[in-house]
Amino acid sequence: MPSLPAMPKKVLVTGAAGFIASRVCALLHEQGCEVTGLDNFNDAYDVRLKTWRWAQLEKRDKLKLHRLDLVDAAGLKNLFEKHAAGRETAFDAVINLAARAGVRASVENPSVYVEANVGGSLNLLEMCRQFGVRKFVLASTSSLYGKDHETPYREDMNTDRQLSPYAATKKAAEAMAYTYHFLHKLDVSVLRYFTVYGPAGRPDMTPLRFTQRIREGRTITVFGDGSQSRDFTYVDDIACGTIAALRPVGYEVFNLGSDKPLQLSALIELIEELTGQKAKIDYRPWHPADMLATWADISKARKLLDWSPQTNFRDGLQKLVAWYEENRSWAREIDTN
């Protein structure tokens, strides 16, 4: 097996039309990496956002993009075979950011989450084994921590009591990645992301959903009283942490978050200020799959990855609001229900 370089040059990024992955692709490309991105354009949320992100990547010279689903084992093998031709390995590293996302939606349709998040991850790990890829970065989630831990959350806390099928599938993917590390010496970084926000974000997440609905004078729904808090983290900070995780670590789990939780009520107030619009709020009972708070202990990422977030929340949210205004002609129609 080839040794793992300190900074891989040929990288496969899955979920390339996704919120985080599109930024990872762009930043890797700017650093001179040979980037291959793939995405299946699933309909978990409004595909117009994915189309917009994909179009930004298509403007980049020599950044290769493929429409492919990770559950298509034959198609995935064909892609690896083409990239392995005449080379020691198909890729230096794989960053698996493809997933079926969303906590509440997973409660309604858990089987599709198992297929995409567990089956798709397994297919990708198997390709890494077969084609000599030595580095694997897996996107996981802060939802694994459930509701029984004190904050801030540390990576060594027990994660056996997930509150949603989405979190359970991410836990399964983490376990499978460890198995491939143990059996096949795959170097693995698992990244537990804490609520990510920024331009062209996910419409099922509160920052973009509330920005759109408040700006357009529509009602926003708040489950509970708004006192729940989230460790909101700007997308470019998350992308930089993801790239930092390409370094050799053996097998490690890292929290990537801001380490500065913010209450939902404070988020609403700031969006009101930045948009100049007053929010119309429909308060509803607390959803059982939701967590009261997320808060990342990021000391491990600081120490082993030399990473820490650089964007304060106000500046990051201002960038989101500015993006929305620039793209309002179509962004106002994005489905944020």
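In this chain, numbering begins with 1 at the start of the sequence shown. Computed over heavy atoms, backbone and side chain alike; hydrogens, waters and symmetry mates excluded.
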Measuring from I220:CD1 to I281:CD1, what's the distance to the nearest 0.5 Å? 4.5 Å
Non-hydrogen side-chain atoms of R53 and L49 separated by less than 4.5 Å: yes
Looking at D236 and K319, does any basic side-chain N land under 4.0 Å from a carboxylate oxygen? no
Verify whether one side chain among T195 and D231 offers a donor that lies under 3.5 Å from an acceptor in the other. no
Which residue pairs satisfy the salt bridge (Lys or Arg N to Asp or Glu O under 4.0 Å) criterion with at least one member in residues 295-305, sequence neighbours excluded? E252-K300
Does any N or O in the side chain of D187 come within less than 3.5 Å of the main-chain N or O of R134, such that one atom is a donor and the other an acceptor? no
Can you measure from CD (Q228) to OG1 (T206) and round to the nearest 0.5 angstrom? 9.0 Å
Any donor-acceptor N or O pair under 3.5 Å, side chains T242, Y193: yes
Closest heavy-atom pair, L256 versus A301, reported as atoms and distance to 0.1 Å, is CD2-CB, 4.0 Å
Just by distance, do the side chain of R284 and the backbone of F223 share a donor-acceptor pair under 3.5 Å? no
Is any side-chain heavy atom of N337 less than 4.5 Å from a side-chain heavy atom of R213? yes
Min side-chain heavy-atom separation P309-I298 under 4.5 Å: yes
Nearest atoms (heavy-atom pairs only) where G257 meets T233: CA-OG1, 3.2 Å
Using the six-membered ring of Y113, assess whether NZ or CZ of K170 lies under 6.0 Å from its centre and within 45 degrees of the ring axis. no
Just by distance, do the side chain of T211 and the backbone of V321 share a donor-acceptor pair under 3.5 Å? no
Given 3.5 Å as the limit, does a donor-acceptor pair link the side chain of R48 with the main chain of E333, or not? yes
ring-ring contact (aromatic ring centres under 6.0 Å, His included) partners of residues 293-321, not counting sequence neighbours, each pair once: Y197-F313, F232-F313
Sequence neighbours excluded, which residues qualify as salt bridge (charged side-chain N to carboxylate O under 4.0 Å, His left out) partners of E30? R60
Can you check whether N96 reaches F136 side chain to side chain, under 4.5 Å on heavy atoms? yes
So which atom in L246 and which in A93 form the shortest heavy-atom distance, rounded to 0.1 Å? CD2-CB, 3.7 Å
Measure the spacing between OG1 of T336 and CD of Q212 and express it to the nearest 0.5 Å. 3.5 Å
Polar side-chain atom of S121 near backbone of V118 as donor-acceptor pair, under 3.5 Å: no
Within 6.0 Å of CD in E150, more than 12 heavy atoms from elsewhere: no
Side chain E155, main chain N255, donor-acceptor under 3.5 Å: yes
Test of ring centre spacing under 6.0 Å for F80 and F91: yes
Which atom of D237 lies closest to which atom of T311, heavy atoms considered: OD2-N, 3.0 Å
Using a strict cut-off of less than 4.0 Å between a Lys/Arg side-chain nitrogen and an Asp/Glu carboxylate oxygen, indicate whether K10 and D92 qualify as a salt bridge. no
I need the R23 CZ to I238 CD1 distance, nearest 0.5 Å. 13.0 Å
At what distance, to the nearest 0.5 angstrom, does CD of Q277 lie from CD1 of I214? 9.5 Å
Residues K135 and S189: side-chain donor-acceptor under 3.5 angstrom: yes
Hey, is the main chain of E126 close enough, under 3.5 Å, to the side chain of H184 for a donor-acceptor pair? no
Side-chain donor-acceptor contact under 3.5 Å, Y234 with Q310: no
Using the ring of each side chain (for Trp, its six-membered ring), is Y251 parallel, tilted or perpendicular to H181, with breaks at 30° and 60°? tilted
Presence of salt bridge, K171 and D160, under 4.0 angstrom: yes
Looking at residues at least two apart in the chain, or sitting in another chain, which of them share a salt bridge (charged side-chain N to carboxylate O under 4.0 Å, His left out) with E216? R328
Hey, are the side chains of L208 and W323 touching, using non-hydrogen atoms and a 4.5 Å cut-off? yes
Please determine whether salt bridge (Lys or Arg N to Asp or Glu O under 4.0 Å) holds for the pair D43 and R100, giving the CA-CA distance in whole Å, both sets of side-chain angles, and the decisive distance to 0.1 Å. CA-CA 9 Å; D43 60 355; R100 193 82 178 189; 3.4 Å; yes
Is it true that atom CZ of R161 has more than 12 heavy atoms of other residues, nucleotides or ligands lying nearer than 6.0 Å? no
Looking only at atom types and distance, does a side-chain atom of N117 sit under 3.5 Å from a main-chain N or O of A99, one as donor and one as acceptor? no
Are K278 and E272 close enough, and set up right, to give a salt bridge (Lys or Arg N to Asp or Glu O under 4.0 Å), and what steps lead you there? CA-CA 5 Å; K278 184 68 176 176; E272 289 177 325; 3.7 Å; yes
CD of E81 to CG of L76, rounded to nearest 0.5 Å, is 10.5 Å
Test your reading of the model: is there a side-chain donor-acceptor pair from R192 to the backbone of S142, 3.5 Å cut-off? no
Is the shortest side-chain heavy-atom distance between T51 and F41 below 4.5 Å? yes
Heavy-atom closest pair (G132 atom, T89 atom, distance to 0.1 Å) is O-OG1, 3.0 Å
Pairwise side-chain contact, M127 with L79, heavy-atom cut-off 4.5 Å (strictly under): no
Residue list, salt bridge (charged side-chain N to carboxylate O under 4.0 Å, His left out) with R314, at least two apart or on another chain: E273
Least distance between heavy atoms, T275 atom then I271 atom: OG1-O, 2.7 Å
Side-chain (K62) to main-chain (E34) donor-acceptor, under 3.5 angstrom: no
Summary of side chain to side chain donor-acceptor pair (under 3.5 Å) pairs that have at least one residue in residues 67-80, sequence neighbours excluded: N40-D69
Heavy atoms, side chains only, cut-off 4.5 Å: are L138 and L125 in contact? no
